[in-house]
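Below: the structure, in structure tokens.
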Amino acid sequence: MKKIFKGDIVYTKSPAMFEINEDSYLIVENGEVKEICRYIDSIPSDCEYLDYTGKLIIPGFVDIHLHSSQFFNIGLGMDKELIPWLNTYTFSEEAKFIDLEYANIAYSKFVSDLIKKGTTSSVIYASIHKESTMLLMDLLEEANLRAYVGKVNMDRNTIDELCENTDESIAQTEEIILSSKSDRVKPIITPRFVPSCSTTLMKGLSKLAIKYNVPVQSHLSENTNEVEWVKELHPDIENYASVYNKFGLFGQTKTVMAHCIYTSDDEIELMKKNGVFAAHCALSNFNLSSGIMPVRKYLDYGVDVGLGSDISGGNTLSIPQSIVSTIQASKIKWLESDKELYPLSFSEVFYMATKGGGKFFGKVGSLERGYKADLLVIDDSNLLDINKFGVLERLQKYIYSGNENNIIAVYVGANSVNH
Ligand code: GUN
Ligand code: FE
């Protein structure tokens with residue numbers, strides 16, 4: 001099936017610059033981009049033609065770190081740092097997902113908000129509960145979104161309701177892996193973070209990851225007290241990243257680590273060597289007083305970096321808001337702490353929000369030939385005035401001053417997503 005989209009098409013092939021195709025045709029075959037043309041002679045009769053003349057067409061946003069079971073906590077409890085925040089607000093909310101009815105209400109609203117905000121691919125922490133995690137996978141599948149979804153694993157240092165039996169935690173994770181059949185919504189192994197997981201649990205999860213070639217997600221060096229705690233728990237292991245590495249959860253299969261603020265040069269080198277992605281979560285890092293990730297350093301080392309909303313540490317699912325905060329954070333980091341960490345440019349961060357994070361999924365996040373036709377149509381007419389703006393200026397205005405109401409259509413694999 002062929003589709004042709006017409007509009008002002010913008011994306012980033014590389015972090016350094018935008019590819020801008022004003023008033024052009026995006027030709028899609030079997031859900032993948034075939035080419036972009038400035039002119040076409042006529043629309044073939046076997047083609048669906050989607051005329052968005054005058055609108056922006058951009059890749060769907062990619063969020064590579066968020067907690068769906070914290071959706072109802074968005075905006076609450078921003079007065080604490082990570083560990084007391086988890087103990088005061090977060091664990092008690094996640095415990096509610098033992099109730100499938102509660103999960104259905106929360107996850108339906110969550111999926112609908114993801115679509116509204118234009119996030120077409122996401123890497124999600126659900127909760128420890130197998131049934132509600134599978135329910136979320138079904139809802140994402142029905143909605144036609146792309147996602148990795150993880151049943152959270154934890155068997156120490158949490159409230160009783162969330163503290164799993166180690167063998168059951170591993171067995172239930174395996175059941176989810178064996179039952180999932182979708183190409184778009186897939187399981188991901190999710191040890192919450194080192195303080196929540198015994199060494200037996202980490203080793204068991206690594207075995208599953210390798211046996212079924214399933215990716216891994218976790219948290220790394222988000223908060224100074226957390227880093228100290230990991231040192232106390234594992235005094236014999238040289239650093240936090242090496243704890244995951246020692247137990248087989250650090251790039252043995254495709255891996256993403258959220259935050260990475262207090263990571264040493266040795267750890268960043270290990271990330272590069274093992275092909276581990278970093279999820280930068282600027283909004284969460286502000287809200288929980290965690291710090292500012294030195295993103296420039298990761299880029300210099302050649303580590304893949306994408307953006308994470310990290311709700312509900314982050315206060316919105318909006319990736320445009322994460323883009324703005326990421327650029328602002330990089331400016332403050334440069335100004336206040338390290339003049340070698342040059343601020344991130346608009347194109348570099350747009351790239352992270354699309355193709356950079358999209359790499360975790362494969363050919364996702366760009367509109368180059370062979371990429372999945374995951375795209376957003378942006379009507380920015382309310383943002384324009386008597387001045388004549390170019391396509392790139394219009395994109396800047398939309399990201400910095402627009403909102404979800406500017407998104408008038410969402411497509412995944414060129415199929416329309418109801419929103
Ligand atoms: N580290 C361990 N669990 C969490 C969580 O739920 N949110 C954040 N931001 N960090 C974590
Ligand atoms: Fe997180």
Side-chain angles (χ1 to χ4, degrees), residues 63-97 106 110 122-129 133 148-159 161-164 188-198 201-202 205 216-230 233 240-241 243-244 249 255-263 277-293 306-317 319 322 325 329 357:
D63 187 338
I64 63 167
H65 182 76
L66 65 156
H67 300 257
S68 54
S69 58
Q70 295 170 20
F71 183 67
F72 282 165
N73 264 5
I74 285 183
L76 300 177
M78 295 305 183
D79 56 340
K80 297 201 174 353
E81 288 189 44
L82 176 64
I83 308 299
W85 173 80
L86 286 171
N87 290 322
T88 311
Y89 304 108
T90 315
F91 290 153
S92 53
E93 178 60 24
E94 290 187 22
K96 296 177 189 168
F97 285 76
F110 163 76
S122 37
V123 185
I124 302 172
Y125 269 62
S127 66
I128 61 158
H129 312 97
T133 301
Y148 281 109
V149 180
K151 181 206 111 52
V152 175
N153 303 99
M154 45 202 312
D155 68 346
R156 63 176 177 177
N157 296 316
T158 184
I159 58 173
E161 297 98 299
L162 294 184
C163 199
E164 299 176 286
I188 182 165
I189 305 272
T190 307
R192 181 173 206 119
F193 66 158
V194 167
S196 308
C197 301
S198 67
L201 178 56
M202 287 191 272
L205 293 175
V216 170
Q217 63 177 344
S218 197
H219 295 93
L220 177 65
S221 298
E222 170 179 5
N223 172 287
T224 50
N225 295 322
E226 170 207 10
V227 175
E228 283 307 308
W229 193 13
V230 171
L233 290 167
Y240 196 161
V243 178
Y244 290 121
L249 295 166
T255 299
V256 56
M257 288 284 155
H259 305 294
C260 309
I261 301 174
Y262 300 103
T263 332
F277 283 64
H280 175 40
C281 310
L283 285 164
S284 167
N285 299 158
F286 291 153
N287 291 330
L288 301 182
S289 309
S290 299
I292 298 179
M293 175 187 173
L307 299 189
S309 64
D310 193 30
I311 61 157
S312 64
N315 54 296
T316 172
L317 279 176
I319 290 296
S322 277
S325 292

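Residues take their numbers from the sequence shown, with the count starting at 1. For ligands, and for the atoms within them, numbers begin at 1 and follow the listed sequence. Everything numeric here is computed off the predicted structure, so don't read it as measured data.
With contacts defined as side-chain heavy-atom distances shorter than 4.5 Å, the pair Arg156/Leu233 qualifies. In this structure the side chain of Thr158 never reaches within 4.5 angstrom of the side chain of Ser196, judged on heavy atoms. Side-chain contact check for Tyr148 versus Gln217: every heavy-atom pair is 4.5 Å or farther apart. At a threshold of 4.5 Å between non-hydrogen side-chain atoms, the residues Leu317 and Phe110 count as touching. Side chains of Ser221 and Ile261 form no contact here, defined as non-hydrogen atoms less than 4.5 Å apart. Contact check for Tyr89 versus Leu76: no side-chain heavy atoms found under the 4.5 Å cut-off. Taking 4.5 Å as the limit, every side-chain heavy atom of His67 sits out of range of all side-chain heavy atoms of Ile124.
Annotation: Trp85 places no N or O atom under 3.5 Å from an N or O atom of ligand 1; distance criterion only. Inclusion of Glu94 in the set of residues having an N or O under 3.5 Å from an N or O of ligand 1 is not warranted.
When only non-hydrogen protein atoms are considered, atom 11 (C) of ligand 1 lies nearest to His219 NE2, 3.3 Å. If you check which protein heavy atom lies closest to atom 10 (N) of ligand 1, you get Glu222 OE1, 2.7 Å. If you check which protein heavy atom lies closest to atom 3 (N) of ligand 1, you get Arg192 NE, 2.8 Å.
Ligand-side atoms of ligand 1 in range of His67: 5 (C), 6 (O), 7 (N), range being under 4.0 angstrom from any heavy atom. Close approach of ligand 1 to Asp310 is summarised as follows: ligand atoms under 4.0 Å from at least one heavy atom of the residue are 8 (C), 9 (N). Each of the atoms 2 (C), 3 (N), 4 (C), 5 (C), 6 (O) of ligand 1 lies under 4.0 Å from some heavy atom of Leu86. Annotation for ligand 1: atoms under 4.0 Å from non-hydrogen atoms of Leu82 are 1 (N), 8 (C), 10 (N), 11 (C). Every atom of ligand 1 with a heavy atom of Phe193 under 4.0 Å away is listed here by number and element: 1 (N), 2 (C).
Using a distance-only test at 3.5 Å, with no hydrogens or angles considered, a donor-acceptor pair links the side chain of Ser218 to the main chain of Arg192. A donor-acceptor pair under 3.5 Å is formed between the side chain of Asn287 and the backbone N or O of Gly313.
The distance from the Fe ion (ligand 2) to the nearest N/O/S atom of His259 is not under 2.8 Å. For residue Glu222, no N/O/S atom approaches the Fe ion (ligand 2) to within less than 2.8 Å. Residue contact annotation: Cys281 places no N/O/S atom under 2.8 Å from the Fe ion (ligand 2).
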Exercise for the section: Could you walk me through whether His259 and Met293 pass side chain to side chain contact (heavy atoms under 4.5 Å, CB included), step by step? Expected result: CA-CA 7 Å; His259 305 294; Met293 175 187 173; over 6 Å; no
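Of the angles at the Fe ion (ligand 2), the one spanning NE2 of His67 and OD1 of Asp310 is 90° when given to 10°. Take the Fe ion (ligand 2) as the corner point: the lines to NE2 of His65 and to NE2 of His219 open at 90°, to the nearest 10 degrees.
Residue contacts with ligand 1, taken as heavy atom pairs separated by less than 4.0 Å, do not involve Phe91 at all.
For the residue pair Tyr240 and Glu226, a side-chain donor N or O sits within less than 3.5 Å of a side-chain acceptor on the partner.
Proximity of Glu226 to ligand 1 is not established, as no heavy-atom distance is less than 4.0 Å.
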